[in-house]
Amino acid sequence: MRPISMLFAAAALIVSSVTAVTAQTIKIGSKNFTEQFIVAELYAAALEKAGFKVERKINLGGTLVAHEALKSGAIDLYPEYTGTGFNAVMKATTTETDPEKVRQIVKAYYEKEFNLTWLKPSNINNGYAIVVRPETAREYNLKTLSDLGKVANKLSLGAGTEFVDRRDGLAGLKEVYGAEFREFKQFAALRLRYDALTQKQVDIANGFSTDWQIAAEKFVALDDDKGLFPPYFLAPVVRLDIAKNEKVVATLEQVNALLDNAVMQELNRQVEVDKKEPRTVAANFLKAKGL
């Protein structure tokens, strides 16, 4: 038999190793809109439950602000979208619509250029959504963007200011689907676009796939049947040194496995309509899921 002192020493070594793994502080950031606040809080709460200390740096700003914070070490991770990494950060000049190919491209690029990596994505694909009221969909038999292209000259479109200049925006709708609209109105705020659609000031609006308004108002999101819009799957972007911690990775991926567009629409609604705090919404969701 081993001496009791040796057994105690071995046990102490194991405990100290586990403590060292979880004692490090994980700095979690987010961009500046509701969905980002919620997902960052989901990650933070799950990591705290797993034994990590967490420092929240929520609402940093836009994509490039959050990206620079991650590069500099001001944060260790934040939720990002593969299409954003591909288009806004990499500034890719090619078109790619296969979700896994986009993820692998941005993952390899981030690892080489920034010492950052992408973990496995959630099932949230928060790309552009072109939506219409249900009665408009019925009147013009609209199910796809190809259907829209045939009747666009009879309809008005309300979209964001950036939609004009993007290849996956107004120009792409014309190029890929032949869509030329009777009228185009710009709305800087997403809420104003949905208000205009509800009040019949426009017939079509551009939003995002996880907007709570789509389900709440029973809007019809038209299928991008020719693949104009790149995939925008949400995943944690993480510093490589943090990604070496298997417990961090496993915890984040456990959260991601619970998330899809329908779930995110509801969580967004709870914050924006019910006026609940993102941290409360995140905690309640994880509790309901047994985490």
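Heavy-atom basis, side chains included; hydrogens, waters and symmetry copies ignored. In this chain, residues are counted from 1 in sequence order.
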Step-by-step ring pair (Phe, Tyr, Trp, His ring centres under 6.0 Å) determination, Y81 to F86 = CA-CA 9 Å; Y81 306 89; F86 189 71; over 10 Å; no
Using the side-chain contact (heavy atoms from CB on, under 4.5 Å) rule, take K150 and Y140 through it: C-alpha gap first, then chi angles, then the decisive distance, then the call.
-> CA-CA 10 Å; K150 299 171 186 175; Y140 293 98; over 6 Å; no
Starting from the C-alpha separation in whole Å, work towards a yes-or-no answer on side-chain contact (heavy atoms from CB on, under 4.5 Å) for F285 and L258.
-> CA-CA 10 Å; F285 175 76; L258 301 173; 4.0 Å; yes
Carefully, step by step, assess V89 and Y110 under the rule side-chain contact (heavy atoms from CB on, under 4.5 Å).
-> CA-CA 9 Å; V89 177; Y110 273 55; 3.3 Å; yes
Passes side-chain contact (heavy atoms from CB on, under 4.5 Å), V263 versus N123? Steps please.
-> CA-CA 10 Å; V263 166; N123 289 314; over 6 Å; no
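Across all non-hydrogen atoms, the minimal contact from A235 to Y43 is C-OH, 4.2 Å. For the residue pair F219 and Q213, the shortest heavy atom distance occurs at CD1-O, 3.6 Å. Smallest separation of non-hydrogen atoms from N206 and R193: O-NE, 2.8 Å. Residues L190 and G207 share a closest heavy-atom pair of CD1-CA, 3.9 Å. Nearest heavy atoms, T251 versus A50: OG1-CB, 3.7 Å. The shortest non-hydrogen separation linking D211 to Q265 is O-CG, 3.5 Å.
Between E48 and the options K53, R56, R279, a salt bridge (charged side-chain N to carboxylate O under 4.0 Å, His left out) holds for only R56.
Ring-centre distance between F184 and F163: not below the 6.0 Å cut-off.
The hydrophobic cluster containing L222 also contains V202, counting ILVMFWY residues as joined when their side-chain heavy atoms lie under 4.5 angstrom apart, directly or transitively. Following chains of ILVMFWY side-chain contacts shorter than 4.5 Å, one can reach L119 starting from L234, so the two form part of one hydrophobic cluster. Connection of L252 to L42 is established within a shared hydrophobic cluster, with ILVMFWY side chains joined at heavy-atom distances below 4.5 Å, either directly or through further cluster members. When hydrophobic clusters are built by joining Ile, Leu, Val, Met, Phe, Trp and Tyr residues whose side-chain heavy atoms come closer than 4.5 Å, directly or via intermediates, V132 is grouped together with F181. One hydrophobic cluster, built from ILVMFWY side chains closer than 4.5 Å, cannot hold both V106 and F233; they sit in different ones.
Side-chain contact annotation: D225 with S146, donor-acceptor N/O pair under 3.5 Å present. Inspection of the N126 and T210 side chains reveals an N or O donor paired with an N or O acceptor under 3.5 Å. Side-chain polar atoms of Q24 and N245 form a donor-acceptor pair below 3.5 angstrom. A donor atom on one side chain and an acceptor atom on the other are not found under 3.5 Å apart for T161 and Q186. Donor-acceptor pairing under 3.5 Å is recorded for the side chains of T144 and D147.
At least one side-chain heavy atom of L145 sits less than 4.5 Å from a side-chain heavy atom of F229. For the pair N256 and P236, the minimum side-chain heavy-atom distance is below 4.5 Å. Between L157 and L170, the closest side-chain pair of non-hydrogen atoms falls below 4.5 Å. Looking at heavy atoms from C-beta onward, K154 lies out of side-chain contact with E139 at the 4.5 angstrom threshold. Side-chain contact between R239 and N115 is absent, with no heavy-atom pair separated by less than 4.5 Å. At least one side-chain heavy atom of L240 sits under 4.5 Å from a side-chain heavy atom of E111. Residues V39 and M264 have side chains in contact (heavy-atom distance under 4.5 Å, counting atoms from C-beta outward). Residues M90 and I105 meet the side-chain proximity criterion, which asks for heavy atoms closer than 4.5 Å.
Proximity of a side-chain donor or acceptor of N32 to a complementary backbone N or O of N59 within less than 3.5 Å is not detected. Checked by atom type and distance alone, the side chain of D260 pairs as donor or acceptor with a backbone atom of A262 at under 3.5 Å. A distance-only check finds no donor-acceptor pair linking the side chain of T25 to the backbone of V54 [under 3.5 Å]. At distances below 3.5 Å, not a single donor-acceptor pair connects side-chain atoms of K49 with backbone N or O atoms of L286. At least one donor-acceptor pair closer than 3.5 Å links the side chain of K275 to the backbone N or O of E272. Remark: side-chain polar atoms of E41 are not paired, donor with acceptor, to backbone N or O of A283 under 3.5 angstrom.
Around the NZ atom of K120, the shell of radius 6.0 Å holds no more than 12 heavy atoms that belong to other residues, nucleotides or ligands. Atom CD of E246 has 12 or fewer heavy atoms from other residues, nucleotides or ligands within 6.0 Å.
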Kindly list each side-chain donor-acceptor pair under 3.5 angstrom involving residues 63-76, sequence neighbours excluded, with atom names and distances?
unit_1	atom_1	unit_2	atom_2	d
T63	OG1	K31	NZ	2.9
E68	OE2	K71	NZ	3.2
S72	OG	E68	O	3.2
S72	OG	A69	O	3.1
S72	OG	A74	N	3.3
D76	OD2	K27	N	2.8

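Summarising the geometry, atom CG belonging to L192 is positioned 12.5 Å from atom CG belonging to L197; distances are rounded to the nearest 0.5 Å. Taking CG from L155 and CG from L148, the interatomic distance works out to 6.5 Å, rounded to the nearest 0.5 Å. Here the CZ atom belonging to R182 is positioned 9.0 Å from the CD1 atom belonging to I204, to the nearest 0.5 angstrom. From N268, atom CG reaches atom CD1 of I38 across 4.5 Å, with rounding to the nearest 0.5 Å. Atoms OH and CD, on Y78 and Q36 in that order, are 7.5 Å from each other to the nearest 0.5 Å. Rounded to the nearest 0.5 Å, atoms CD1 (I28) and CD1 (I58) are 7.0 Å apart.
By the ring pair (Phe, Tyr, Trp, His ring centres under 6.0 Å) test, W212 pairs with no residue at all, sequence neighbours left out.
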